[in-house]
Amino acid sequence: IVAKTIQYQIVHMFAIAQMTVVQEKCDTGNIDGKDGARHIWDHVAALLIGSLEGTNAGGSLDLQDGQLSWNLANKRAFQFSTMGGRNYAVINEELEDLLYAGLGALEAPDCQWFLNVEDNLQHLLLVPLLQSVLRFAILSNGIMSDNDYRGIAAGEIIALTILPHIASHDENTAAVIKENLVTVPGSSVPLVSSGPQELANALFGVISDLTYGCEYIGQTQEVDACAKARRVTESDNYNIGTGIAALAILLVVGLWVSYVYLANKEDNEENNRQEEQLRDKSQMTALVAPSGNIEIASCNDVLYEK
């Protein structure tokens with residue numbers, strides 16, 4: 001318990017404090033030298049990775065070797081299916097990129113660029129802690145708070161580490177974490193009474209505000225950090241599908257109405273043509289001479305004037 005407190009509370013907070021020192025030194029132009037920004041940035045890398053990870057890409061193959069944030073991220077990556085393309089935690093790939101980006105910003109020097117890197121790095125470091133909150137919520141689910149199971153104490157340490165960060169985003173979510181994972185001396189109540197998934201759903205709003213979303217948290221058989229997002233997407237897809245179906249029905253009805261209109265129009269035009277033909281016939285009949293004997297005068301009967 002003491003070791004976890006040092007790992008995830010003291011060292012974690014000290015690394016964040018050192019980032020702030022780097023930013024201050026960058027702003028004052030103190031980049032190189034023993035107490036310069038670049039040197040302290042190396043301290044930050046050491047505090048996050050540690051020497052036990054060795055020189056292999058991704059760190060030590062034995063997850064018992066590492067003791068700091070890097071190792072925690074690799075452990076949780078196996079459990080939450082968030083391994084990267086290089087066979088270690090995807091957030092550690094991001095961590096490497098950010099450490100090099102920070103170094104580049106200091107060498108430029110571009111202190112505003114470094115500030116952006118620092119913000120992203122602080123958000124990134126919350127990912128394995130959030131995964132750990134869910135991990136210990138799974139392990140402690142339904143266990144009485146006065147039980148001597150050591151996972152309860154470990155979950156409480158992680159919860160207390162992350163509570164200030166969560167509270168700065170949403171005090172209600174922080175209260176939910178505290179209620180589910182932080183024990184009260186002398187009480188005996190079931191932990192995570194609403195279930196791990198409900199805790200994940202409560203965290204969704206905070207996770208969405210981070211630079212790294214719920215897909216970086218991942219999922220296990222018991223919890224899915226993106227479950228709430230998936231429900232929203234499914235609802236949106238349903239609404240879109242319903243809208244498309246309604247438009248299709250309107251289109252079919254419109255085509256049918258157009259067809260009926262055109263068909264009636266053709267029938268009317270044909271009737272008009274037939275009526276016009278009948279009128280023409282009637283007029284021609286009226287011009288024909290009446291039947292009977294017609295007397296033709298002979299030439300002798302015709303008088304000519306001379």
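When a residue number appears, it is its place in the shown sequence, counting from 1.
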Validation row: Leu191, Asn141 side chains within 4.5 angstrom (heavy atoms): no
Asn71/Gln7 under side-chain contact (heavy atoms from CB on, under 4.5 Å): CA gap, chis, key distance, verdict: CA-CA 11 Å; Asn71 176 260; Gln7 289 169 304; over 6 Å; no
Same apolar cluster (I L V M F W Y, side chains within < 4.5 Å links), Ile6/Leu48: no
If you look only at distance, which donor and acceptor atoms sit under 3.5 Å apart when one is on a side chain in residues 156-166 and the other is two or more places apart or in another chain?
from, atom 1, to, atom 2, distance (Å)
Glu156, OE1, Thr183, OG1, 2.9
Thr161, OG1, Tyr8, O, 3.3
Thr161, OG1, Ile157, O, 2.8

Close side-chain approach of Thr173 to Phe204, heavy-atom, < 4.5 Å: no
Least distance between heavy atoms, Leu99 atom then Ala45 atom: CD1-CB, 4.0 Å
Single-linkage hydrophobic cluster, 4.5 Å side-chain cutoff, Leu115 and Leu103 together: no
Pairwise distance CG(Leu129) to CG(Leu72) - rounded to 0.5 angstrom: 6.5 Å
Joint hydrophobic cluster, Leu52 plus Trp70, side-chain heavy atoms closer than 4.5 Å: no
I'd like a table of donor-acceptor pairs (distance under 3.5 Å, sequence neighbours excluded) in which one partner is a side-chain atom from residues 218-225, with atom names and distances.
from, atom 1, to, atom 2, distance (Å)
Thr220, OG1, Glu222, N, 3.1
Thr220, OG1, Glu222, OE1, 3.0
Thr220, OG1, Val223, N, 3.2
Asp224, OD1, Cys226, N, 2.9
Asp224, OD1, Arg230, NH2, 3.3
Asp224, OD2, Arg230, NE, 2.6
Asp224, OD2, Arg230, NH2, 3.4

Any donor-acceptor N/O pair, His39 side chain to Gly33 backbone, under 3.5 Å: no
Enclosure of Lys178 NZ (heavy-atom neighbours >12, cutoff 6.0 Å): no
Polar side chain donor-acceptor pair, Glu96 to Asn92, under 3.5 angstrom: no
Shortest non-hydrogen contact from Leu68 toward Ala46: CD1-O, 3.7 Å
Side chain to side chain, Ile91 and Pro128, heavy atoms closer than 4.5 Å: yes
Inter-residue atom distance Ser194.OG - Glu179.CD, 0.5 Å rounding: 7.5 Å
Glu24 CD to Met19 CE distance, which is reported to the nearest 0.5 Å: 14.0 Å
Check: Val192 and Leu181 side chains under 4.5 Å, non-hydrogen atoms: yes
Value rounded to 0.5 Å, distance of CG in Leu106 from CZ in Phe114: 5.0 Å
Ile49-Leu47 co-clustered via ILVMFWY side chain contacts under 4.5 Å: no
Distance-minimising heavy-atom pair for Lys4 and Ala154: CD-CB, 3.9 Å
Any donor-acceptor N/O pair, Asn74 side chain to Ala89 backbone, under 3.5 Å: yes
Test side-chain contact (heavy atoms from CB on, under 4.5 Å) applied to Leu130 and Leu210, step by step: CA-CA 11 Å; Leu130 287 166; Leu210 300 178; 3.8 Å; yes
Side chain to side chain, Leu134 and Pro196, heavy atoms closer than 4.5 Å: no
Nearest heavy atoms of Val127 and Tyr216, plus distance in Å: CG1-O, 3.6 Å
Arg76 side chain to Thr82 side chain, donor-acceptor N/O pair below 3.5 angstrom: no
Nearest heavy-atom neighbours spanning Ala137 and Leu199: CB-CD2, 3.6 Å
Shortest non-hydrogen separation from Ile31 to Cys26 and the atoms involved: CD1-CA, 3.8 Å
Whether Ser145 side chain and Ser187 backbone form a donor-acceptor pair below 3.5 Å: yes
Ile16 side, atom CD1; Met13 side, atom CE - distance, nearest 0.5 Å: 5.0 Å
Under 3.5 Å donor-acceptor, Gln131 side chain and Ile217 backbone: yes
Hydrophobic cluster identity match, Val2 and Tyr149, side-chain contacts under 4.5 Å: no
Within 6.0 Å of CZ in Phe14, more than 12 heavy atoms from elsewhere: no
Spacing of Ser193 atom OG and Glu198 atom CD [to the nearest 0.5 Å]: 10.0 Å
Beyond-backbone contact of Val176 with Leu203, side-chain heavy atoms, under 4.5 angstrom: no
Polar side-chain atom of Thr28 near backbone of Lys25 as donor-acceptor pair, under 3.5 Å: yes
Under 3.5 Å donor-acceptor, Trp41 side chain and Gly102 backbone: no
